[in-house]
There are 2 protein chains.
Amino acid sequence: MTIEQLIVKDDEKRAKIFKALSEVKRIEMIRYLHHNRDNNTCGAIVKSMGMDKSNVSYHLKILYEADLVSIIRNGQNKNGQLREDTFTEFLPGFLDSL
Amino acid sequence: MTIEQLIVKDDEKRAKIFKALSEVKRIEMIRYLHHNRDNNTCGAIVKSMGMDKSNVSYHLKILYEADLVSIIRNGQNKNGQLREDTFTEFLPGFLDSL
DNA sequence: ATAATAATTTGAAAGTTTTAAAACTATTTA
DNA sequence: TAAATAGTTTTAAAACTTTCAAATTATTAT
């Protein structure tokens with residue numbers, strides 16, 4: 001792989017992260033997860049943000065695919081957690097600015 | 001204006017910035033402008049990036065509308081300059097990571 | 001004035017994203 | 001095993017984005 005290809009690949013990763021953060025609803029979900037680390041199931045997001053559950057699923061998947069959130073099943077529930085590693089690498093300072 | 005409305009407004013600004021950066025071509029344009037501060041006309045971008053000129057105009061406008069770039073006419077040419085203030089406020093560290 | 005050069009706008013086609021309802025799958029509880 | 005709960009997938013419509021060619025506007029040079 002050439003240096004140019006590595007740069008393009010990194011840009012695709014960046015673009016994916018930025019696209020994931022390019023909707024107000026998803027920024028709000030990130031803020032919610034940042035401030036509610038103990039109440040972070042899909043259902044909690046549905047309830048507190050007044051969104052349709054299929055829509056929460058859809059948006060969470062986009063955040064997951066951009067490596068911004070990890071999702072861990074816990075019984076019936078799934079818990080979403082921010083991926084500090086990705087934020088640190090690509091958006092240092094962003095979470096604190098929320 | 002309530003605090004909630006201010007937060008939403010800020011989120012809209014953030015979302016606009018992230019949307020502007022959510023395309024590889026626009027990230028490449030930002031990188032180009034970052035590294036070629038003296039050769040920053042639309043034509044220079046067209047030439048060096050091999051894009052259609054109407055397309056460069058379109059993408060530059062999106063960056064401009066997100067306050068990421070300022071555009072100054074200089075005779076027949078227009079020069080694009082990165083808006084350090086916006087990058088510093090919303091994406092500290094980003095330009096250096098390019 | 002006319003031609004040449006630089007950039008923008010328009011319009012149409014192709015592609016992508018968002019939304020919400022309904023159907024579905026997985027897990028727990030009775 | 002059946003019902004309840006949590007979350008996902010599918011589908012289709014509406015809204016939005018990207019591309020490129022052609023027409024247009026603005027500026028400079030002859």
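Residue numbering restarts at 1 for every chain, and letters A, B, ... go by the order of the sequence lines.
Taking atom CE on A:Met51 and atom C1' on C:dA21, their separation rounds to 15 Å, with Å as the unit. Summarising the geometry, the separation between NZ on A:Lys47 and C1' on D:dA6 is reported as 13 Å, rounded to the nearest angstrom. Spacing between atom CG of A:Asn55 and atom C1' of C:dT19 amounts to 6 Å, rounded to whole angstrom units. Rounded to a whole Å, the CD1 atom of A:Ile71 is 17 Å from the P atom of D:dA6. For B:Leu60 and C:dA6, the CG to C1' distance is 13 Å, given to the nearest whole Å. Atom NE2 of A:His59 and atom P of C:dT18 are 6 Å apart (whole Å). The CG atom of A:Asp52 sits 17 Å away from the P atom of D:dT10 (whole-angstrom rounding). Rounded to whole angstrom, the span from the CG atom of A:Asn77 across to the P atom of C:dT29 amounts to 10 Å.
The side chain of A:Arg26 places an N or O atom within less than 4.0 Å of a non-bridging phosphate oxygen (OP1 or OP2) of C:dT18. In terms of phosphate contacts, B:Tyr58 brings a side-chain nitrogen or oxygen within less than 4.0 Å of OP1 or OP2 of D:dT18.
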One pair to check against side chain to side chain contact (heavy atoms under 4.5 Å, CB included): A:Leu98 and B:Arg14. What are the steps and the verdict?
CA-CA 10 Å; A:Leu98 283 178; B:Arg14 276 189 245 270; 3.8 Å; yes
Let's go through B:Cys42 and B:Leu60 carefully: what are the C-alpha distance in whole Å and the side-chain angles of both, what is the deciding distance for side chain to side chain contact (heavy atoms under 4.5 Å, CB included) to 0.1 Å, and is it a yes or a no?
CA-CA 8 Å; B:Cys42 297; B:Leu60 211 50; 3.7 Å; yes
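A:Ile27 and A:Tyr64 end up in the same hydrophobic cluster when Ile, Leu, Val, Met, Phe, Trp and Tyr side chains are linked at under 4.5 Å.
Picking from D:dT17, D:dA23, C:dA26 the nucleotide with the shortest atom distance to the side chain of B:Lys53 gives D:dA23. Which of D:dA21, C:dT17, D:dT18 sits closest to the side chain of B:Glu23 comes down to D:dT18. The side chain of A:Lys25 lies closest to C:dT19 when the candidates are C:dT27, C:dA7, C:dT19. Each of C:dT17, C:dT9, D:dG7 was ranked by its minimum atom distance to the side chain of B:Ser54; first place goes to C:dT9.
Donor-acceptor pairing under 3.5 Å, judged by distance alone, is absent between the side chain of A:Gln76 and the base of C:dT28.
Counting non-hydrogen atoms under 4.0 angstrom, B:Lys78 reaches the backbone sugars and phosphates but no base. Note on B:Ile62: only backbone sugar-phosphate atoms sit closer than 4.0 angstrom, heavy atoms only; bases stay farther off. Residue contacts for B:Lys19: at a heavy-atom cut-off of 4.0 Å it reaches the sugar-phosphate backbone alone, with no base atom in range.
A pairwise comparison of heavy atoms in B:Met51 and B:Lys25 identifies CE-CD, 3.8 Å as the closest pair. Taking each heavy atom of A:His34 and A:Leu95 in turn, the nearest pair found is NE2-O, 3.5 Å.
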